[in-house]
Amino acid sequence: MGDRDAFSGDIKPRHYDLGLTNLDLEKWTYDGTVNIVANFGAATQSITLHATHLKFLSAEVLVGDKAAAVATAFEADDQKETVTIRLDRELQAAEEATISISFQGIINDELSGFYRCGYKPATAHVASVPRNEDGTHFVLATHLQPAYTRRTFPCFDVPYLKATFALSIEIPSDMAALSNMPIQKTAASQRAGWQVVSFETTPIMSTYLLAWSVGDLGYVEAFTEKSYNGKPVPVRIYTVRGIENQGEYALAMAPRVIDLYSELFGIPYPLEKMDILVVPELPMDGMENWGLITSNPSMMLFNKGESSESAKFGIADNVCHELAHQWFGNLVTMEWWNEIWLNEGFATWVGNYTVNVLFPQWDVWGDFANGRMEDAFRVDGLRSSHPVHIPADTGLQLHQYFDQISYGKGCVVVRMLASYVGVETFFRGVCEYLKANAYGNATASTLWASLDAVSGKDVGGMADSWLNQVGYPVIEVTEDVEKNEIRVKQARFLATGDVKPEDDTTIWPLPLGINGSQSTREDPFLLSKEDVVTTIDMDFYLVNANGTGFYRVAYPPARLAKLSTQLDRLTTGDKISIIGSVAALSSVGASSTVSLLSFLQAFRLEEHCHVWWEILDVLNKLNTVFAEDSELRAGLKQFTLRLIESKASLLMRDGASADDILQKTMYRSILTRAAECGHPETIDKFYPLFQDWVENGTEIDPAMRRIVFHSAMSKDAKGTFAIIKDTVARMDSSDTKKDLLRALVATDDRDDLDGLAPWNMSPAVGIQNVGVILMALAAHPIGRYAQWEFVKTAWEAVADAINDPGLLNHLLRITLEGFSSEAIVLDIEAFSADKDVSAYSSTLESAKEQIRAFKTYRDRDSDALRKWLQDGNYI
């Protein structure tokens, strides 16, 4: 029986009164009481609710102010994460009764539930802040999504059982406490030097949106321009005290976004305040807790002189995404986790839409096409992918689905639907949906009904196959030049290249997006297996113009060659979409790696940063697939160098722009790759800056930092490795530290790489930086073996250290995504044989399928690629 079925439905909570006291900041425990006001729809002598990692002390049920029943036993089901309270007598149905429970909990170090996280203070902090002998201080915070509220107090921890919440917490008098709502009152505690902080009652909301924090906190503050309930909303960015000024960049936009969303959604921001708490350690970029967003530092703080300009992209995206959730997700919540995409896909789309409004010069949809959209293509091209509408029924399964399908493909579906009905009409439908379901739960079908009503179109019918079917198609284009027409035919795309008839049964409604047709046809979609489009301009045309549709396009070879001479007529989205399609088709044998590399040669002097990111990502994949062949690896490295060297020289001549973030980001990306490839001009220019940094402590411009460190590794890998590793161990978390960690992996020394995987889990790196080395090792042909060997041999220690199914899923996915050997597939199966891997089953199946796809690709193309590289004097 799944998590959704844990409750009979006879008990419905209305309000939680939660009190947390006796916080022990040495043993990391606390006492709690929770009074749950609920409706009892039927007689019962037991109550089942969610609880795990908690010790129950007592419980009773009150009707009015009288005890109606007392607990006689607490029966835990560890698998379901529930506790059943057995009562001494049968309770009759009651419109209102109160379940009163006393319990004890743990302030853990696992980044979930109520947890503690460490940091090194930038200034002296108050005496009561807990700290270690090494100077590490701690702040307390919560992370409750998707199913961690049950770790903090007993509750009905499912999104559809909404209630109101009143929180009080006992804290040291010299520290601050935050929660979703403003402070109602502060009172002295019987415990000397402590006080009890009580917060106002929240609106009705799901359990996973509750949040609180305790620490020595500072903030910067601004206000919305518009007034809500007669006054502007205060917006604060909180950090541990001493670095709050780094929140100024996020603060400059957050009030504007609140005003914008209040207008877009037709509903004024409903709370009295909006706090954003930057937590030193968070298991994701951000979390949308209502009225108290939490964020990873790198996604909210900008430290001038330390942070790279590209950090502003992530901050803007995070602010807009999490604030969108205050309406879409918090005010109206998906009924169940199988529609997590409804929260995340929409927030991703409207976040991108809003960043584009605020910063049109950033070309945010180009960044989306190269990033989330390509990631979604990669995942959804596997048979082991899952539908956007998730078949999940338990909290443990759910961790596997906070992925690029829910976020990336979900966003693409929303984007296609908005284009289908028109963006203005789409927002009118969203407004109606939010107003009709405010403070409640809803499903996608509810949203479709609102969109159908305002648009007069069958939005649900259009969306159905995209939501409920795995995968996406490729459109094969054939030309009839004499008739000026093209035939378009859709078929399922699979990364394994072995599409069978049973795989190819879906007919997706495809927005053709044809640029270069004078056709007057009203239907802009391909609604059948194939169709003919007439009046095509045979000199220039595109299918899926700007890359809006979630599908690949296979042009005839002659058309692709012609497009490579017409780059000035292509948008950024066009270029990214075409490059992505050519690369995908090469990987499955519908084209070839040789054709792909020949096509890429046309982009030597490309001007746009996002196009270069796509090119470099494609080359990264080729390096992944062919890197175990040292000759091919060397040849691809030389190809990359020749492709980028002209652009690298121009960038070094012109320097990094002072105010163009995209140019500055391209400068860093191209020249870092040039340094990795051993480009003499780049190394000669930037290696002296490394020497000056080491010998004299001279600061390095953030735009140049990665280039400098990678130039040093190319110049003297062994010596630089030792310097960097020693320096990192003495550094607090920072952008500089992350750049140093990335550079460490730029070596082929097997002993050094073998040592990085275990060292990555040490305090010298820090839990918030583990992903930096992890991703770099997984992309390295030697390093990925070192990483996998460490995960296998130290699995229990790794699982204990991370102790979060979502994070462990990411660890496994990243560790395994670069292999191309059947031996590793067998290794994965052996690894899984004696472990409970149910929480990671989808991740492991996808990894095996991707490995086999890479192997097939490598075996098929290696010989032809080798000959082409030899003929071109790359090897």
(message) Under 6.0 Å between ring centres: does that hold for Phe831 and Trp795?
(response) yes
(request) Using only heavy-atom distances, determine whether the side chains of Thr72 and Asp88 contain a donor-acceptor pair under 3.5 Å. (result) no
(request) Report the relative orientation of the aromatic rings in Phe402 and Tyr407; use parallel for angles under 30°, tilted for 30 to 60°, perpendicular for over 60°. (result) tilted
(request) Tell me, with the steps shown, if Tyr115 and Thr142 meet side-chain hydrogen bond (donor to acceptor under 3.5 Å, both in side chains). (result) CA-CA 6 Å; Tyr115 71 95; Thr142 58; over 6 Å; no
(request) Sort and list the pairs that fulfil ring-ring contact (aromatic ring centres under 6.0 Å, His included) and have at least one residue in residues 174-214, not counting sequence neighbours. (result) Phe114-Trp212, Tyr208-Trp337
(message) Assess the residue pair Thr446 and Thr443 against the criterion (side-chain hydrogen bond (donor to acceptor under 3.5 Å, both in side chains)); give the C-alpha distance rounded to whole Å, side-chain angles, the decisive distance to 0.1 Å, and a yes or no.
(response) CA-CA 5 Å; Thr446 316; Thr443 64; 3.2 Å; yes
(request) Mind checking ring pair (Phe, Tyr, Trp, His ring centres under 6.0 Å) for Phe40 and listing every partner two or more places apart, or none if nothing turns up? (result) none
(request) Begin with the C-alpha distance, continue with both residues' side-chain angles, and end with the deciding distance and a verdict on salt bridge (charged side-chain N to carboxylate O under 4.0 Å, His left out) for Arg14 and Glu96. (result) CA-CA 9 Å; Arg14 296 179 180 174; Glu96 183 175 292; 3.6 Å; yes
(message) Between the side chains of Glu60 and Lys66, is the shortest nitrogen-to-carboxylate-oxygen separation below 4.0 Å, so that they form an ion pair?
(response) no
(request) Just jot down the side chain to side chain donor-acceptor pair (under 3.5 Å) partners of Tyr16, sequence neighbours excluded, or say none. (result) none
(message) Could you report the tightest heavy-atom contact between Met205 and Asn180, atom names first, then the distance?
(response) CE-ND2, 3.8 Å
(message) Check Glu845 with Arg383, please: is the shortest side-chain N to carboxylate O separation under 4.0 Å?
(response) no
(message) Using 30° and 60° as the class boundaries, would you call the ring planes of His321 and His325 parallel, tilted or perpendicular?
(response) perpendicular
(message) Can you list everything that forms a ring pair (Phe, Tyr, Trp, His ring centres under 6.0 Å) with His143? Sequence neighbours excluded, please.
(response) none
(message) I'd like to check the side chain to side chain donor-acceptor pair (under 3.5 Å) partners of Ser385; sequence neighbours left out, ordered by chain and number.
(response) Asp380
(message) Looking at every non-hydrogen atom in both residues, tell me the closest pair between Ala442 and Leu342 and how far apart they are.
(response) O-CD2, 4.3 Å
(request) Check the side chains of Ser198 and Gln184 for a donor-acceptor pair under 3.5 angstrom, ignoring hydrogens and angles. (result) no
(message) Between Thr98 and Ser100, do the side chains contain a donor N or O and an acceptor N or O under 3.5 Å apart?
(response) no
(message) Would Lys162 and Tyr160 count as a cation-pi pair here, with the cationic atom under 6.0 angstrom from the ring centre and within 45° of the axis?
(response) no
(request) Before giving the answer on side chain to side chain contact (heavy atoms under 4.5 Å, CB included), spell out for Phe153 and Leu49 the whole-Å C-alpha distance, their side-chain angles and the decisive distance to 0.1 Å. (result) CA-CA 10 Å; Phe153 64 94; Leu49 37 61; over 6 Å; no
(request) Applying side chain to side chain donor-acceptor pair (under 3.5 Å), name anything that partners Arg236, two or more places apart in sequence or on another chain. (result) Tyr219, Glu221, Tyr238
